[in-house]
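Data block below; observations after.
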Amino acid sequence: MSSTRTVFRTCPLCEATCGLAIEVVDDQIVRIRGDREDVFSKGFICPKGSALKQLHEDPDRLRQPHVKRDGVHVPVSWEEAWREVERGLTAVIERTGRESLGVYLGNPNAHNLSALLYNRVWLRALGTRQLYSASTVDQIPKQVASGWMFGTPLSIAIPDIDRTQYVLMLGANPHESNGSLCTAPDFPGRLAAIRQRGGKVVVVDPRHSATAKAADEWVSIRPGTDGLFLAAIAHHLFATGQTDVGDHVRTYVAGLDDVKAALEPFTPTRVARATGVSAAVIERLAGELAAADSAAVYGRIGTTTVAFGTLNSWLVDVINTVTGNLDRPGGVMFPLPAAGGPNTKGEPGKGKGFATGRGRTRVRGFPEAMGELPVSLLAEEITTPGAGQIRALFTFAGNPVLSTPNAAQFDAALASLDFMVSIDLYLNETTRHADVILPPPSHVERSHFDLSFAMFSVRNVANYSPAVLPRDPGQPDEWEILATIAGIAQGVGAQVNRVDDLTIDHMVRAAVRDEHSSICGRDGDEILAALNASGRRGVERLLDFLLRTGPYGDAFGVVADGVTLDVLIAHPHGIDFGALQPRIPEVLRTPSGKVELAPVPLIADLERLAATIDSVDDDQLLLVGRRHLRSNNSWMHNVRTLVKGRPRCVLEMHPLDAAERGIVDGAAVHVSSRVGALVVPVSLTTDVRRATVSMPHGWGHDVPGVRAHVAAQYAGVNVNVLVDEEAMDPLSGNAVLNAIPVAVRPALSTD
Ligand SMILES: Nc1nc2c(c(=O)[nH]1)N[C@H]1C(S)=C(S)[C@@H](COP(=O)(O)OP(=O)(O)OC[C@H]3O[C@@H](n4cnc5c(=O)[nH]c(N)nc54)[C@H](O)[C@@H]3O)O[C@H]1N2
Ligand SMILES: Nc1nc2c(c(=O)[nH]1)N[C@H]1C(S)=C(S)[C@@H](COP(=O)(O)OP(=O)(O)OC[C@H]3O[C@@H](n4cnc5c(=O)[nH]c(N)nc54)[C@H](O)[C@@H]3O)O[C@H]1N2
Ligand code: SF4
Ligand SMILES: [Mo]
């Protein structure tokens, strides 16, 4: 007899966290729709959400560990895979020490409960400081700026788009990406609602993106010049006396005069030529921001993955602050997550603050940020001889061959390693270099809870999803894979339960000793017994603990109706704790207990920005990136329903720029930069501004050794062969992925 059931779960694919209703007959997924009762997404879904079925059923998805034998990956048992890991890891540690171990964490880590709760455990067990991640090709500039301003790098001020009357959006295209560092399912619908209630949406982008098309106004800016644009807006606000931080935060904002003085060089008139935006437009937008009932400036990829990423991220919040929009409804606000938020721990209102540079890269001494080193420099750390040279690398849920700078150099560096382990669902462009590939369960075979995105969410929401389907026999959960690596790295072998017990024990003991914890002074054994009464282990037990000691938690029996994992399980559509609430001063963790509006490194970096005011070359083509709704970085191109149709990996170019170069629509063009060259079809469109060309990342699947049969038919080319690994934001180490100088000409048969 067959059984039909509907399981509700949060989509783990992007930051929008949509609720899905998954219909299952026996152990087969029949259908995936949006969950209309989801407290946050209310039925919204994009085409990727329902592709979780195809991902799960993809015959290319790895269901067994693979070991490389004579250059070919063959399936092996888990026992054998673990023996290989032990042999390879031990050999490298004995030969060159733990500092020669490197780790790269990819983007899906942020969507993965096992990673979020267990990374600390296995990384500590490895005992290396050589940690790299997709953060340095993404959002770390926003985190560094926020760390300096508010005290923790996860204290990011989120645009309150559901209540605002004005949004100035730069370098983001939520109509395709569904939003980032602003979790808001149905972002396009929420933007439309601003206009419906009489507000205004302005999009600043060198490309007339889908989001720009749906907005009230598109401001076409020269790539890489948002810093000048933002500085000029702030300058104009100061110069015209249109600044007022507001009574609600007045006593908590430090450094206003320093900012005002430092912005002196950036008049709208001076930056107009470099930015391509007239002084009149800059001044008008500044005036509109100041006059709006409420307003939020929001910058994303186009503002962070550029040479001035940290400066841009800071200037966004400088404008939010001086227009009185920091920490108030309709402005930018700080979410209060149910579990794991760093700014919900420790002494409210004060902390040790944030610093970078506590460690440096071995080869060129580049400073760390958030314990991470820039992934742009990973290749040289692998290939440059000397003590501490990386000889073994772990990649976890990442595809850096397609996603990080100077791809050819990076690819060659991976090939030179002594040992490599990848935890991944696919044999892809990166994992093909691995000696051992360890596959996690598919996304529907595991539980889910958004520990990350509740920190960046436009409402305070919590939603736990149990696994939809049982795991294949013998398939460990992903946290068990990580716990096993931890045991092996510590020389005690595969000791999942022991590692797990030590982990929860450590967390409980720390909390009962912490005067700011809701269970301070309680008996640790009693807390552990309460947790263990449920019979849970691993991530569920850890999550239950974090929820119960979090801002809405039951504090183990102290708060009636407080949240526990059981409570969340009883609410399969999630719990809505409501709209964001003001949190200053309590949210702050700066030593001064203030919002630091003028952090020293940022003020100093303005000089570098000022030096770009007059260095404009109107003829230089600048390459920018773009995302498409139906793809997800590099890794969903093996789902036919998502990739079919017109090829998407094309270079967009303005017809006049093409005509000057003898390029016709649809032709193959040769694109070159300082570090590499590629050939790609061109698509002529006035959607990109003059001297700007646009190309998506995550393509280039026709590499030998990759196992992705559908993706191979829609291979595309890897844009990151053009991206210069030397170009970085000096404050955060983030790569420059946008505004890359390139030359384009018709392709020759010899290219
Ligand atoms: N030129 C250019 N480059 C870019 C960007 C750009 O805009 N332009 N964007 C950058 C950005 S923002 C990002 S975030 C990075 C992304 O860079 P990466 O994180 O390196 O790459 P992804 O394509 O996200 O690869 C994710 C990998 O994780 C695997 N995976 C998916 N889910 C899981 C899971 O649950 N467990 C495990 N173990 N594996 C899983 C997939 O199979 C895939 O191999 O790319 C960056 N690169
Ligand atoms: N469908 C889909 N959704 C995704 C992803 C995906 O690959 N596909 N990736 C996810 C990830 S990892 C992330 S980080 C987010 C990113 O989400 P978003 O930040 O919204 O990223 P994009 O859609 O790439 O939009 C970036 C915009 O910046 C513009 N831009 C480029 N250079 C500049 C510049 O110098 N100045 C300005 N003002 N604009 C510029 C580009 O033209 C583009 O329109 O999306 C996430 N969601
Ligand atoms: S918008 Fe993002 S979270 Fe929502 S269904 Fe699509 S991929 Fe999933
Ligand atoms: Mo990202």
Side-chain angles (χ1 to χ4, degrees), residues 170-173 203-209 211-213 217-230 232 268-279 281-282 301-303 305-309 312 609 611-627 649-697 717 719-724 727 735-747:
L170 307 97
N173 187 11
V203 173
V204 182
D205 198 304
R207 183 168 171 269
H208 199 198
S209 66
T211 309
K213 284 174 184 160
E217 183 175 353
W218 171 43
V219 177
S220 165
I221 193 170
R222 185 194 309 273
T225 65
D226 298 74
L228 295 175
F229 172 81
L230 291 163
T269 310
R270 278 198 74 198
V271 307
R273 176 149 149 59
T275 57
V277 185
S278 71
V281 169
I282 294 173
I301 281 288
T303 62
T305 59
V306 289
F308 296 98
N312 290 347
L609 181 66
T612 64
I613 294 182
D614 298 316
S615 62
V616 193
D617 177 357
D618 289 314
D619 298 325
Q620 174 62 60
L621 288 181
L622 296 174
L623 174 68
V624 299
R626 119 179 143 249
R627 281 175 165 74
C649 185
V650 297
L651 184 84
E652 290 186 353
M653 187 178 211
H654 194 283
L656 295 175
D657 291 325
E660 279 175 7
R661 292 166 176 79
I663 290 167
V664 294
D665 194 24
V669 292
H670 178 270
V671 189
S672 58
S673 71
R674 187 189 78 84
V675 298
L678 53 77
V679 172
V680 64
V682 72
S683 168
L684 303 187
T685 169
T686 50
D687 279 348
V688 285
R689 60 179 271 129
R690 288 295 305 270
T692 300
V693 287
S694 157
M695 197 176 147
H697 72 285
V717 283
V719 72
N720 279 312
V721 304
L722 298 172
V723 174
D724 190 338
V736 174
L737 306 175
N738 283 292
I740 298 162
V742 290
V744 181
R745 59 160 169 80

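Along the sequence shown, residues are numbered consecutively beginning with 1.
- Judged by distance alone, the side chain of S672 and the main-chain N or O of A677 form no donor-acceptor pair under 3.5 Å.
- A donor-acceptor contact shorter than 3.5 Å links the side chain of R689 to the backbone of S220.
- Under the side chain to side chain contact (heavy atoms under 4.5 Å, CB included) criterion, A668 pairs with V679, A747, sequence neighbours left out.
- When atom types are taken as modelled, the side chain of N738 and the backbone of G625 share a donor-acceptor pair closer than 3.5 angstrom.
- A 4.5 Å side-chain heavy-atom check between I221 and F229 finds at least one atom pair inside the cut-off.
- R222 places a side-chain N or O within 3.5 Å of a backbone atom of A274 that can act as its donor or acceptor partner.
- The side chain to side chain contact (heavy atoms under 4.5 Å, CB included) with T225 is formed by just one residue from the set V271, T275, T612; it is T275.
- In this model, a donor atom of one side chain and an acceptor atom of the other lie less than 3.5 Å apart for R626 and S694.
- A salt bridge does not link R690 to D618: none of the charged nitrogens lies less than 4.0 Å from a carboxylate oxygen.
- Contact check for H670 versus R745: side-chain heavy atoms found under the 4.5 Å cut-off.
- Contact record, A212 with W218: CB-CD1, 3.7 Å, taken as the closest heavy-atom pair.
- Considering every non-hydrogen atom in both S209 and V203, the closest pair reads OG-CG1, 4.4 Å.
- In this structure, NE2 in H654 is found 10.5 Å from CD in E660, a value given to the nearest 0.5 Å.
- When the options L623, L621, V306 are evaluated for a side chain to side chain contact (heavy atoms under 4.5 Å, CB included) with I740, the one that passes is L623.
- A distance of 5.5 Å separates CD in E652 from OG1 in T685, rounded to the nearest 0.5 Å.
- At least one side-chain heavy atom of L737 sits under 4.5 Å from a side-chain heavy atom of N720.
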Discussion item. Between I301 and R627, is the side-chain contact (heavy atoms from CB on, under 4.5 Å) condition met? List the steps.
Written reply: CA-CA 10 Å; I301 281 288; R627 281 175 165 74; 4.1 Å; yes
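- With contacts defined as side-chain heavy-atom distances shorter than 4.5 Å, the pair M695/L678 qualifies.
- Note that the CG atom of L684 and the CD1 atom of I663 stand 8.0 Å from one another [nearest 0.5 Å].
- Under the side chain to side chain contact (heavy atoms under 4.5 Å, CB included) criterion, A307 pairs with R608, V736, sequence neighbours left out.
- A heavy-atom distance below 4.5 Å is not found between the side chains of V669 and M653.
- If you take SG on C649 and NE2 on H697, they are separated by 11.0 Å, rounding to the nearest 0.5 Å.
- For the side chain to side chain contact (heavy atoms under 4.5 Å, CB included) test with V693, the passing option among V624, V742, D657, V680 is V742; the others fail.
- A donor-acceptor distance shorter than 3.5 angstrom exists from the side chain of N173 to the backbone of T211, with no hydrogens or angles considered.
- At least one side-chain heavy atom of L651 sits less than 4.5 Å from a side-chain heavy atom of V744.
- Using modelled atom types and a 3.5 Å distance limit, the side chains of T303 and D226 yield no donor-acceptor pair.
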Practice task
Let me see the working for L170 and V219 under side-chain contact (heavy atoms from CB on, under 4.5 Å), right down to the final yes or no.
Solution key: CA-CA 9 Å; L170 307 97; V219 177; over 6 Å; no
Applying salt bridge (charged side-chain N to carboxylate O under 4.0 Å, His left out), run through D687 and K213 and close with a yes or a no. CA-CA 10 Å; D687 279 348; K213 284 174 184 160; 2.8 Å; yes
